[in-house]
Amino acid sequence: MSKMIIITQRKIIFAAQLISLSLIWIFVIAIAFWILNLISLSIELDDAPGASIGISLIAIPVFITLASLLTYTFIGLKKDEFRLLKNSSEE
Amino acid sequence: MSKEIKQNFGPDEVLYRPIYETGKGFYITVSILIAIYFWSLYMYFTQVRSGLGVTGMNQPVTWGFYIVNFVFFIGISHAGTLISAILRLSKAEWRRPITRMAEVITAIVLAIGGLHPILDLGRPDRMLNLVSAGRLQSPLLWDVTSITAYFTASTVYLYLPMIPDIAKLRDRGGKLTWFYTFLAWGWQGTEKQKKILNKVINILMIMVIPIAISVHTVISYIFSMTLQPGWHSTIFGPYFVAGAIFSGIAALLIVMIAFRRAYHFENYLKEIHFKYLSTLLLIMSLLWFYFTFSEYLTGIFGSEPHEMHIILYKFTGPFAIFFWGMVVCNFIIPVILLGISRFRTIKGILVASISVVVGMWLERLIIVVPTLANPTMPLPAGIYFPSLVEWALFIGGIAVFILGFVLFSKFFPLISIWEIEEGRKEGIKEVEERIHSYLPNT
């Protein structure tokens with residue numbers, strides 16, 4: 001397989017990986033917005049907003065931490081892969 | 001990228017075999033399971049078209065099989081992430097061939113269990129009301145939040161430790177190389193990458209334990225936060241968590257025994273693994289009995305009329321067969337089979353595990369239905385017979401679980417290969433160092 005095709009395939013896969021990671025963040029942000037919307041609704045209706053805020057204080061950081069861990073792993077693994085690829089192409 | 005598959009990957013070749021070799025049995029199993037799935041899907045559309053009238057639910061029994069199965073499936077999900085995280089955290093060396101299967105159970109069963117409240121809604125479009133006008137003060141919404149968090153966490157916890165194995169499949173070549181390249185995230189096995197992955201897995205295993213415990217505690221709250229006799233109990237949280245771990249271990253043992261036989265994993269899943277896990281199962285059986293005894297003794301001692309009515313309904317009424325069946329399945333059978341060493345063979349463990357899974361399902365049934373069937377208001381007692389639609393969706397749920405597991409085994413190794421290799425290289429040294437660190441004069 002020519003080098004050109006391999007590079008293109010690598011780029012497509014990298015783009016797909018970035019999209020999938022973005023989707024995870026979209027999911028997490030959507031959940032955070034949903035919870036915030038429910039809090040504002042409970043404040044508006046004066047319907048025990050304290051309980052809603054209590055739940056959100058636990059739930060939102062959990063989702064953000066999970067997405068952050070995935071992002072940290074992805075960046076860490078990719079960085080090292082790129083470093084290896086660079087070294088091998090220089091050789 | 002090469003389309004040829006490299007052959008012979010050393011001593012762990014048998015772990016790759018299910019991915020690259022597909023026998024007749026696989027196609028037959030998958031076809032049967034897909035047929036059951038479509039049958040249950042058809043039944044579900046019947047329910048959507050005709051409404052909940054096609055189920056056995058009625059007034060006053062407004063929760064039936066769907067909620068029973070919801071609690072049951074979510075309970076089974078504790079097999080995976082929780083057990084795997086605890087074993088990893090305690091550095092139990094024998095965990096290595098078990099963790100992956102346990103984590104897969106969690107991810108699949110959570111997806112199935114999480115959908116059950118939608119089945120119970122009758123009209124699935126009503127889920128949208130949760131988005132626009134949900135009440136975060138309600139334990140029902142705590143469930144939605146905690147199950148979503150647990151599903152996300154357990155999927156991440158399943159996926160990240162799989163990366164080194166996915167990279168092995170990528171390097172092996174074949175038609176799906178692009179798929180494995182996509183999922184491997186550039187894993188090359190460098191020291192730096194190993195360090196990053198281990199760090200994240202360590203954080204996740206600590207994070208996942210409280211999330212898993214919170215899920216089943218919150219599920220118990222949908223019952224215990226009400227003032228209904230039989231439900232309003234302060235020990236429901238830990239009782240549900242203990243029951244979930246109990247049924248989870250049993251489900252894990254069944255899966256291990258089935259796939260050990262189907263894929264010839266005898267060299268990996270040895271008798272010692274079953275002995276250790278079955279000891280845990282036995283301990284959980286005793287713990288379950290202790291909780292059940294405490295729960296009912298408190299109710300009987302108080303002799304509150306409504307509470308006593310529900311207790312007698314379970315002990316001697318129409319639900320007596322299910323109640324005593326539950327005691328036999330969850331306590332008597334496992335204690336006999338696992339407590340007497342002569343019966344503690346793989347066959348005995350399998351029978352005990354199946355018995356526990358059945359018993360835990362019965363427990364969910366006798367928690368949900370009797371309280372609803374005996375309203376505290378002056379209304380006649382209700383009766384509940386599940387309809388064919390409900391049975392179909394229950395069987396469909398089990399079929400989807402098996403299908404998910406079989407399909408997973410077609411794409412990914414069911415036993416973590418890199419963890420086995422790591423155990424061979426570093427496990428003995430690590431254990432030796434640990435022994436030196438806490439034993440004097442060694």
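All chains are named by letter (A, B, ...) in the order of the sequence lines, taking the proteins before the strands, and each is independently numbered beginning at 1.
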**Q.** Part of Leu84(A) lying under 4.5 Å from any heavy atom of chain B
**A.** side chain

Q: Check whether any side-chain heavy atom of Thr148(B) lies under 4.5 Å from a side-chain heavy atom of Phe27(A), and answer yes or no.
A: yes

Q | Residue Leu70(A) versus chain B: region with a heavy atom under 4.5 Å | A | both

Q) So which part of Ile75(A) gets closer than 4.5 Å to some heavy atom of chain B, the side chain, the backbone, both or neither? A) neither

Q | Heavy-atom proximity to chain B below 4.5 Å, by part of Leu85(A) | A | neither

Q.
Under a 3.5 Å distance rule, please check whether Gln17(A) uses its side chain to pair with a backbone N or O of Phe182(B) as donor and acceptor.
A. yes

**Q.** chain B contact via Asp47(A) - which portion, at a heavy-atom distance below 4.5 Å
**A.** both

(Q) Using a 3.5 Å distance criterion without hydrogens, assess whether the side chain of Trp187(B) forms a donor-acceptor pair with backbone atoms of Lys78(A). (A) no

Q | Beyond-backbone contact of Arg135(B) with Ser42(A), side-chain heavy atoms, under 4.5 angstrom | A | no

Q) From Leu77(A) CG over to Leu197(B) CG, what is the distance, rounded to the nearest 0.5 angstrom? A) 6.5 Å

Q | Separation between CD1 of Ile163(B) and OG1 of Thr73(A), rounded to the nearest 0.5 Å | A | 6.5 Å

Q) So among Tyr72(A), Phe74(A), Phe14(A), which one has a ring-ring contact (aromatic ring centres under 6.0 Å, His included) with Trp185(B)? A) Phe74(A)

**Q.** CH2-CD1 distance between Trp142(B) and Ile55(A), expressed to the nearest 0.5 angstrom
**A.** 5.5 Å

Q | For Gln137(B) against Ala48(A), the heavy-atom pair lying closest together | A | CG-O, 3.4 Å

Q | Under 4.5 Å from any heavy atom of chain A - which part of Lys195(B) | A | neither

Q.
For a 4.5 angstrom cut-off between non-hydrogen side-chain atoms, does Val62(A) reach Ile211(B)?
A. yes

Q. More than 12 heavy atoms of other residues, nucleotides or ligands under 6.0 Å from NZ of Lys410(B): is that the case?
A. yes

**Q.** Gap separating the CG atom of Leu136(B) from the CG atom of Leu38(A), nearest 0.5 angstrom
**A.** 5.5 Å

**Q.** Contact class of Val144(B) relative to chain A, heavy atoms under 4.5 angstrom
**A.** side chain

Q. Should we say atom CZ of Phe82(A) is surrounded by more than 12 heavy atoms from elsewhere, each under 6.0 Å from it?
A. yes

Q: Give the minimum heavy-atom separation between Ala133(B) and Leu41(A), together with the two atoms involved.
A: CA-CD2, 3.7 Å

Q | Separation between CG of Leu160(B) and CG of Leu69(A), rounded to the nearest 0.5 Å | A | 8.0 Å

Q: Could you check if a side-chain atom of Gln188(B) sits within less than 4.5 angstrom of a side-chain atom of Asp80(A), using non-hydrogen atoms only?
A: no

(Q) Which atoms of Val156(B) are under 4.5 Å from chain A, going by heavy atoms: the side chain, the backbone, both sets, or neither? (A) side chain

Q.
Return the OG1 to CZ distance between Thr190(B) and Arg83(A), rounded to the nearest 0.5 Å.
A. 6.0 Å

Q) Under a 4.5 Å cut-off applied to non-hydrogen side-chain atoms, are Leu204(B) and Leu66(A) in contact? A) yes

